[in-house]
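One structure is given below, encoded as structure tokens.
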Amino acid sequence: MSVAVRGLTKRYGATVALDDVTLDIPDGEVHALLGHNGAGKSTLIKCLGGGVHPTSGTIQLDDREYSGLTPRESIAAGVAVIYQHLSVLENLTVAENLFIGQERTRAGLIRRAQQRELAREALANIGAHGIDPDMKLGAIPIGQRQMVEIAKVLQRDARLLILDEPTAALSRAEAERLGELVRELAGRGIAILYVTHLLGEVLALADAATVMRNGRAVWSARGDEITKESLVAAISDGHGATNDPPAPPRIGDTPALAVRGLTGPGLGPIDVSVAAGEIVACYGLIGSGRTRFFNTLFGRMPRTSGTVSVDGVPRDATSPARALKGGIALVPGDRAREGLFATLSALDNTAVSSMSKLAKGGVLRSLVAERSVFDRVATWLDLKPMSPSLPAGRFSGGNQQKILLGRWVNDAARTRVLLLDDPTQGVDVGARKDIYDAVKRLAADRGVGVLVATNEPEEVMDLAHRCLIFSRGSVVQEIDVSETTADGLLSAVHSTAPETRIIDLPEGTLR
């Protein structure tokens, strides 16, 4: 299938998620799509998959032009989207997953033997001979589950395959097998849009590449024009710090956080020290271990060894409750599912962390005190609208993040170490600056130690004193932010990322 996107634009009120995007993917081409979180990649994918209707522009699939697609139209046209979080059902067998919605029946009964045989053929078609159609999907490795998802869409005659960060959760061997399959499918004439942060994958797999930034397609190249240097320059745009630098940390004091020999599943050992008032970025690609490190520090994932001290006092942060009691707070990357209480008011969301201070014997001491806490933090964060009774889910993404941040930085909170996981994901430029300013004030005025997990070099440059490069669950390099650039950070993180190797195989064969 040939794909031609022309002038595609998507507006949400005053927010422009896609801005006049043009993109071409001929038959049999692997086209890489890159850009930071919020660049517009997900919105473009949703327009192609029928989940979002564009405000203007057109999508041409082969000879047919659309002003917008429904999910049914997209599937019928041969478009298949495989998201990072797979849509397969783990409690069903491989064969049952392959035929969801297209069951083979006779007299109203599912013909399971036929489905098993057809499933074997579909899996063999992509070289996945070792997957048993009768296995429950939850019992097989993530790489094989992804193969099942690909087999499912291909048997529905998919001719444009969109892969969204497909190797984020895969081992190196699984990633290599997927790379082989991608090239094989392209050789069959299937157009592939490959969304990734990994420059090595682009260099190994892509025939063409496009970089998005702020909703626009700002750079495209083909063949030998795609180099690591050109990709780094296009993604970063020579960005330097655009905000005031953070105030110097209190190096002479006892560290706000001291981590020694921390290990866990797929993690460590890690040694990290964060001074009072210091902001340290944990910078790495998706799957590098930065989020796993935060979840282990906060007691959401098991720690197998190591110690954690806050203000010089050892803390048993082996559960979120114990972490909070020890002064460690986490703002998770997925605020909607893991942090915010969408149906509760902004005031309740802000005050929930401080009920022990605002209540006595389980009885709220004073609504006036609770409102006072909210008013001060809402003013500090420039919350809009400054409405304490409005449900948190009714606020914009940036203001939802401010509410969640306010939970841990208000006057009644006991936070000494703040963990921010992708704090500005899906946040507009104005709210992003407000969040940066609030974090810098928190560090400078109260001496809170801050760790920020991010995959955006610009965020490191705008916010942090120091940068820890993460790869494969460990800290592999430490960089003084004042002595580097966004380009330097991008080069550093990709020089430490696992290599992507694509093995040359005889035509028509797969491992």
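Note: hydrogens, waters and symmetry copies are ignored here, and every other heavy atom, side chains too, is used.
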- Message: Testing the basics here: between L383 and K402, what is the closest heavy-atom pair and its distance to 0.1 Å?
- Response: CD1-CB, 4.1 Å

- Query: L420 and I435: side chain to side chain contact (heavy atoms under 4.5 Å, CB included), yes or no, with the steps?
  - Reply: CA-CA 11 Å; L420 300 172; I435 290 169; 5.8 Å; no

- Message: Set out, in order, the CA-CA distance, both residues' side-chain angles and the distance that settles side chain to side chain contact (heavy atoms under 4.5 Å, CB included) for V259 and T307, then state yes or no.
- Response: CA-CA 6 Å; V259 178; T307 61; over 6 Å; no

- Distance in Å, I403 CD1 paired with L340 CG, rounded so as to fall on 0.5 Å steps: 6.0 Å

- Message: Keeping T9 on the side-chain end and D20 on the backbone end, is there a donor-acceptor pair under 3.5 Å?
- Response: yes

- Query: Could you state the interatomic distance from OG (S273) to CZ (R260), rounded to the nearest 0.5 Å?
  - Reply: 5.0 Å

- Message: Between S491 and D487 (side chain of the first, backbone of the second, donor and acceptor by atom type, cut-off under 3.5 Å), is there such a pair?
- Response: yes

- Message: What I'd like to find out is whether the side chain of I45 reaches to under 4.5 Å of the side chain of Y83, using heavy atoms alone.
- Response: yes

- Query: Do P391 and L344 come within less than 4.5 Å of each other through their side chains, counting heavy atoms only?
  - Reply: no

- Query: Any side-chain heavy atom of T350 within less than 4.5 Å of one from W408?
  - Reply: no

- Between the main-chain N or O of E456 and the side-chain N or O of E459, is there a donor-acceptor pair closer than 3.5 Å? no

- List the steps, then state whether side chain to side chain contact (heavy atoms under 4.5 Å, CB included) holds for S74 with Y66. CA-CA 10 Å; S74 177; Y66 303 84; over 6 Å; no

Considering only distance and modelled atom types, tabulate donor-acceptor pairs under 3.5 Å from the side chains of residues 283-301, sequence neighbours left out.
{"unit_1": "S288", "atom_1": "OG", "unit_2": "L285", "atom_2": "O", "d": "2.8"}
{"unit_1": "R290", "atom_1": "NE", "unit_2": "G284", "atom_2": "O", "d": "2.8"}
{"unit_1": "T291", "atom_1": "OG1", "unit_2": "D421", "atom_2": "OD1", "d": "3.2"}
{"unit_1": "T291", "atom_1": "OG1", "unit_2": "D421", "atom_2": "OD2", "d": "3.1"}
{"unit_1": "R292", "atom_1": "NH1", "unit_2": "G266", "atom_2": "O", "d": "2.5"}
{"unit_1": "N295", "atom_1": "OD1", "unit_2": "R300", "atom_2": "NH1", "d": "3.3"}
{"unit_1": "T296", "atom_1": "OG1", "unit_2": "R292", "atom_2": "O", "d": "2.8"}

- Message: Is any side-chain heavy atom of V308 closer than 4.5 Å to one of I328?
- Response: yes

- Pairwise distance CG(L262) to CG(D271) - rounded to 0.5 angstrom: 9.0 Å

- Message: Using modelled atom types and a 3.5 Å cut-off, is there a donor and acceptor pairing between side-chain atoms of T485 and backbone atoms of G488?
- Response: yes

- Task: Report the residue from I192, D24, L23 that forms a side-chain contact (heavy atoms from CB on, under 4.5 Å) with H31.
- Result: L23

- Task: Answer yes or no: is there a side-chain heavy-atom contact under 4.5 Å between P423 and Q401?
- Result: yes

- For S220 against T210, the heavy-atom pair lying closest together: OG-OG1, 2.9 Å

- Message: With a 4.5 Å cut-off on side-chain heavy atoms, are T424 and Y436 touching?
- Response: yes

- Would you check, one step at a time, whether the test side-chain hydrogen bond (donor to acceptor under 3.5 Å, both in side chains) holds for S305 with T263? CA-CA 5 Å; S305 65; T263 63; 2.4 Å; yes

- Check T415 against V417 and note the closest heavy-atom contact, atom names and distance. CG2-O, 3.5 Å

- Query: In Å, rounded to the nearest 0.5 Å, how long is the span from CG of L193 to CG of L48?
  - Reply: 7.0 Å

- Query: Looking at side-chain heavy atoms only, is the closest gap between L69 and I59 below 4.5 Å?
  - Reply: yes

- What is the minimum heavy-atom distance between L418 and V448, and which atoms define it? N-CG1, 4.0 Å

- Checking K10 side chain against T43 main chain: does a donor-acceptor pair fall under 3.5 Å? no

- Item | L33 side chain near M212 side chain, heavy-atom distance below 4.5 Å | yes

- Task: Would you please test L405 and V439 for side chain to side chain contact (heavy atoms under 4.5 Å, CB included) and show each step?
- Result: CA-CA 9 Å; L405 182 61; V439 171; 4.3 Å; yes

- Indicate the atoms forming the closest heavy-atom contact of D316 with R303, along with that distance. C-NH2, 4.3 Å

- Task: May I ask you to decide if A276's main-chain N or O and R416's side chain share a donor-acceptor pair within less than 3.5 Å?
- Result: no

- Query: Is D437 salt-bridged to R441, going by a charged N under 4.0 Å from an acidic O?
  - Reply: no

- Query: Is a side-chain donor or acceptor of R466 paired with a backbone partner of E278 at a separation under 3.5 angstrom?
  - Reply: no

- Message: Assess whether a salt bridge exists between D434 and K384, defined as any Lys/Arg side-chain N lying under 4.0 Å from an Asp/Glu carboxylate O.
- Response: no

- Message: Please find the pair of heavy atoms, one from V195 and one from D164, that lie closest to each other, and give the distance.
- Response: CG1-OD1, 3.7 Å

- Between Y194 and E201, do the side chains contain an N or O donor and an N or O acceptor separated by less than 3.5 Å? yes

- Query: Ignoring hydrogens and geometry, is there a side-chain-to-backbone donor-acceptor pair from E149 to Q146 under 3.5 Å?
  - Reply: no

- Message: So, taking the atom named CG in L468 and the one named OG in S474, what distance separates them when rounded to the nearest 0.5 Å?
- Response: 12.0 Å

- What is the distance from atom OG of S56 to atom CZ of R6, rounded to the nearest 0.5 Å? 14.5 Å

- Side-chain H-bond candidate by donor/acceptor type, D348 with S345, under 3.5 Å: yes

